[in-house]
Protein chains: 2
Amino acid sequence: MKKITINDVARHAGVSKKTISRVLNQEPNVSSETRKKVEKSFTELGYRPNPQARALASSQSYLIGLLYPSQSNSYVSNIQKGALERCRAEGFHLVIYPEDHENESLISQFESNLNSSNLDGIILTPPFADMRKLLDLLKEREIPVVRVGAISALDSIPSVISNDAEASYEMCRYLISIGHHKIAFIKGHLDHGATEQRLSGYTKALKEAGIPILDQFIQQGNFSFESGEDCARRLLSLKVPPSAIFASNDYMAAGIVKVAKQKGISIPHDLTVTGFDNAPASRYIWPSLTTIKQPITEMAIEATRMLIRIIRKKPLEKLSTTIRNELIVRESSAPAKT
Amino acid sequence: MKKITINDVARHAGVSKKTISRVLNQEPNVSSETRKKVEKSFTELGYRPNPQARALASSQSYLIGLLYPSQSNSYVSNIQKGALERCRAEGFHLVIYPEDHENESLISQFESNLNSSNLDGIILTPPFADMRKLLDLLKEREIPVVRVGAISALDSIPSVISNDAEASYEMCRYLISIGHHKIAFIKGHLDHGATEQRLSGYTKALKEAGIPILDQFIQQGNFSFESGEDCARRLLSLKVPPSAIFASNDYMAAGIVKVAKQKGISIPHDLTVTGFDNAPASRYIWPSLTTIKQPITEMAIEATRMLIRIIRKKPLEKLSTTIRNELIVRESSAPAKT
DNA sequence: GTGAAAGCGCTAACAT
DNA sequence: ATGTTAGCGCTTTCAC
């Protein structure tokens, strides 16, 4: 079966190529009569426009790239979900690029991806959203970009962020409100801007409440389950251990829960543990985790919407959008014992 | 900065377009002298061939589509990981299509995706890998396909599978070997072929061991955490409850662990719980789950390798490849109390 | 070993 | 409202 092209349709409908193109692209200046005639030809011939040809002629690929850290987790799937929702609605396709942000040759590798794909635009997630070199490369290439969860404020590049510092503050306010003042904090990976933000909410809340900030109560994790275990072991063997541990993501919190249980410490009776992200695992473990729900999917939806506007050369309402986090209280937190 | 095209390079190097094309595509019949000259021009001009133009002229897009169930979980990220590994190595890009397999308009929706993208090939995961209509559509379109985890044997379409039935059998053999004979089984979603396979391993092992197969010990789940909880409640309130529960995926197993703990049942002391898949959550919960490690990433790597061979019109070594599962014994299983 | 010409299937610019 | 004429940047065909 031969491929039907625009020429076949033009012949069949008795009009010019350009008119077919007009109907295809929903341009004005086509009488509804001709339009109907052409559409009839479409179905009769089973015409399907060739995306490559359109891409070449219009220099649009309808491909959007998504760059994210290759270490897979629930963040990634939520980002994908959101981006796909908009892409689908707008007729775009999503091409995924998980990359190791510590990879030395990241830039050159990504550049070769760029060369072989002609993406219409790119969505950058942490920590890529803050990588200067990458942003420069994309700018030089004049590829539209939207950043998700970026920390650094670059007024030239649109971004969607969440209020991590505030949410972290809110979590600590909550812990203090139920009587905790020996509150420990586990930091995330240093390369992620969120790490600093989440810590700042913690210190702010404690300071405000007049609770001294103790070095030994602030542990360095890296967002992994294992690092949560390590930090928990250190914290729980302190002479004066915390009554509550706030881990800056759920995987680390899960690690704490595990270590606590192994030590026979009952959660939340003896120890309150809270996380951040509302990862699926936060519901699967027992007790389920009190955590912060990050609106990741929503952020990706908004970022993709913005990106497509840029691609279409429509003006952006604002350069930066903030979507708010939400505290979710579940089973892993309880009032401090008096 | 103006775009450099093949014409610019041809002029610069003092050769014809076609020779440039030859160098670009590593075709023979170019003297190494000319080749060097051309390559020099490439770098001097900073030439980057336009993928769209190549795509149009050669009718190859270098895009591979990945169709998978939209309900996100670790299966998806592992599949993506594997597919991407091969795509990257071979210069392809991965475009993702999560779909709801219960969606009535799935076929027509996916067809419109096809129309607007011109994928070179498609990887199908369960349960799509067994959807007749979809396979027919793809066949009609003459789009190369490889199926992952398919059940139905279609000698016309290549596939990569794992030995689920055997692994399930092995798990039950293990449970029996440590003294269990009151073993319950939780089935997965009916639309997934794996559900039947995993059940068959269970019944085979029990029959072989002379253990009667009890209806009330076989519960219908749907692969979700919640369905695991439901089934656990039913099983644990039986007059004669099981001493071991084998859930056909880890999320359901996690649900069982949660319900058991809520009821004060100690795992693995009072109850053995095992899962399937080796999902991340299987390590995050406590006790960590004894499970079957499915070689999902490896399956995707192999599937993508096969797909690219088909796209390149190279012969396939064999139509179907099996990659073996592996039993992982962790903390959630222990000998039956005597 | 190299090149000229003719597409690939569509859209853009400019008529009419 | 519709058509004509050129491309878009590459590969293919076939000649030399």
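Below, chains carry the letters A, B, ... as their sequence lines are ordered, and counting in each starts from 1. Atom set for the values below is all heavy atoms of this structure, side chains included, hydrogens, waters and symmetry mates excluded. Given the structure is predicted, the values throughout are model-derived calculations rather than measurements.
Evaluation of atom-type donor-acceptor distances gives no pair under 3.5 Å for the side chain of B:K17 against the base of C:dA4.
The separation between B:N29 atom CG and C:dG3 atom C1' is 13 Å, rounded to whole Å. Nucleotide C:dT11 holds its P atom 12 Å from the CD atom of A:Q26, rounded to whole Å. A straight line from OH of A:Y47 to P of C:dG9 spans 10 Å, rounded to a whole angstrom. Rounded to whole Å, the distance from CG on B:L56 to P on C:dG7 is 14 Å. Taking atom CD of residue A:Q60 and atom P of nucleotide C:dA12, one finds them 10 Å apart after rounding to whole Å. Whole-Å rounding puts the B:K18 NZ to C:dT2 P distance at 13 Å.
Axis angle between the ends of the helix from C:dG1-D:dC16 to C:dT16-D:dA1, five pairs each and rounded to 10 degrees, works out to 30°.
Residue A:N50 is classed as a sugar-phosphate contact, given heavy-atom separations below 4.0 Å to backbone atoms only. Counting non-hydrogen atoms under 4.0 angstrom, A:S59 reaches nothing in the nucleic acid. Among the atoms of the strands shown, none is found under 4.0 Å from any heavy atom of B:N7. Contacts of B:P28 with the nucleic acid, taken as non-hydrogen atoms under 4.0 Å apart, are absent.
Taking side-chain N and O atoms only, A:S58 has no distance below 4.0 Å to OP1 or OP2 of C:dT11.
Of the two residues contacting DNA chain D, namely B:R22 and B:N25, the nearest-nucleotide position lying further toward the 5' end is that of B:N25. Comparing B:V30 and B:A57, the nucleotide of DNA chain C nearest to each residue sits closer to the 5' end for B:V30.
Legend: residues meeting side-chain hydrogen bond (donor to acceptor under 3.5 Å, both in side chains) with A:S59, ordered by chain and number and at least two apart, are absent. Applying the side-chain hydrogen bond (donor to acceptor under 3.5 Å, both in side chains) criterion to B:S41, with sequence neighbours excluded, gives no partner residue. Looking at residues two or more places apart in sequence or on another chain, you find a ring-ring contact (aromatic ring centres under 6.0 Å, His included) between B:F42 and B:Y47. A:N25 is linked by a side-chain hydrogen bond (donor to acceptor under 3.5 Å, both in side chains) to A:S21, A:R54, counting only residues two or more places apart in sequence or in another chain. In this view, A:H101 and A:H189, A:H192 satisfy the ring-ring contact (aromatic ring centres under 6.0 Å, His included) rule, not counting sequence neighbours. Checked against ring-ring contact (aromatic ring centres under 6.0 Å, His included), A:Y68 has no partners two or more places apart in sequence or in another chain. In this structure, the side-chain hydrogen bond (donor to acceptor under 3.5 Å, both in side chains) partners of B:S31, at least two apart in sequence or on a different chain, are B:T34.
Side chains of B:S70 and B:E99: no donor on one and acceptor on the other come within 3.5 Å.
Using a 4.0 Å cut-off on heavy atoms, none of the residues of residues 110-120 of chain A approach DNA chain C.
Under the 3.5 Å distance criterion, the side-chain polar atoms of A:N78 are left unmatched by any main-chain donor or acceptor of A:T297.
Put simply, chain A comes within 4.0 Å of DNA chain D, heavy atom to any atom, from D:dA1 to D:dG9, going 5' to 3'.
Each salt bridge (Lys or Arg N to Asp or Glu O under 4.0 Å) pair with one or both residues in residues 28-43 of chain B, not counting sequence neighbours, appears once here: B:K40-B:E44. Pairs engaging residues 106-120 of chain A under the salt bridge (Lys or Arg N to Asp or Glu O under 4.0 Å) rule: A:E111-A:R141 [sequence neighbours left out].
Between A:L124 and A:V148, every side-chain heavy-atom pair lies at or beyond the 4.5 Å cut-off.
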